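Sharing a structure here in structure tokens format.
Predicted model only: the values in this text are computed from it and were never measured.
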Amino acid sequence: MKSLELITLLGTIISILLSIIAYFLKQLHGNFRKMEQDVALMKASIQLLKADLKANYNLLRQRMEFLENGRRP
């Protein structure tokens, strides 16, 4: 009789522990998905900044060429 109670108690404890582990794994998975979305957003922002920087650089280079050519006789 005591062994049956012990097996039931151990089964209950194992079930509770597995439930807790499953809960934390679910939370961890959600955090990774959110982080993946944040990284994708950051990559898009970086590409936008690179394009803007390149456009500004090209505009500055054109202005410098214009000023150099405008001063020559």
Side-chain angles (χ1 to χ4, degrees):
M1 195 65 153
K2 288 192 175 198
S3 66
L4 183 61
E5 290 176 5
L6 182 62
I7 290 173
T8 305
L9 180 63
L10 286 175
T12 305
I13 291 173
I14 289 173
S15 294
I16 291 171
L17 289 175
L18 286 175
S19 298
I20 291 171
I21 290 170
Y23 172 78
F24 283 115
L25 285 176
K26 184 179 177 184
Q27 293 295 320
L28 185 64
H29 183 258
N31 288 343
F32 275 122
R33 290 179 78 194
K34 186 175 188 297
M35 185 178 69
E36 184 180 18
Q37 291 173 350
D38 290 344
V39 168
L41 180 64
M42 195 181 311
K43 283 182 180 180
S45 297
I46 287 171
Q47 288 177 349
L48 184 64
L49 287 172
K50 279 184 177 180
D52 190 38
L53 184 62
K54 187 176 180 180
N56 286 338
Y57 173 75
N58 287 336
L59 182 62
L60 182 61
R61 199 176 79 221
Q62 288 175 0
R63 286 181 182 172
M64 289 177 62
E65 288 174 1
F66 175 76
L67 289 174
E68 287 175 358
N69 291 336
R71 290 185 179 171
R72 292 182 183 165

Quick one: does Gln62's side chain get under 4.5 Å of Leu59's, heavy atoms only?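 Side chain of Gln62 against side chain of Leu59, heavy atoms only: contact under 4.5 Å found.
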Is there a path of hydrophobic side-chain contacts, each under 4.5 Å between heavy atoms, that joins Leu25 and Ile20?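 No; Ile20 is not reachable from Leu25 via cluster members.
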Once rounded to the nearest 0.5 Å, what's the spacing between atom CD of Glu5 and atom CD1 of Ile7?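 Output value for this atom pair is 11.0 Å.
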List the atom pairs, with distances to 0.1 Å, where a side-chain N or O of residues 32-53 and a protein N or O form a donor-acceptor pair under 3.5 Å, not counting sequence neighbours.
residue: Ser45; atom: OG; partner: Leu41; partner atom: O; Å: 3.1

Hey, what do you get for CG (Leu28) to CD1 (Ile21), rounding to the nearest 0.5 Å?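 That separation rounds to 13.0 Å.
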Taking atom NE2 of His29 and atom NZ of Lys26, what is their separation to the nearest 0.5 Å?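 Taking NE2 in His29 and NZ in Lys26, the distance rounds to 11.0 Å.
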Rounded to the nearest 0.5 Å, how far apart are CG of Leu9 and CD1 of Ile14?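 Answer rounded to 0.5 Å: 10.0 Å.
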Compare every heavy atom of Thr8 with every heavy atom of Leu4, then report the nearest pair and how far apart it is.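 In this case the closest contact between Leu4 and Thr8 is O-OG1, 2.8 Å.
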Nonpolar side-chain network containing Leu60, other nodes, edges under 4.5 Å: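 Its cluster mates, by chain and number, are Met64.
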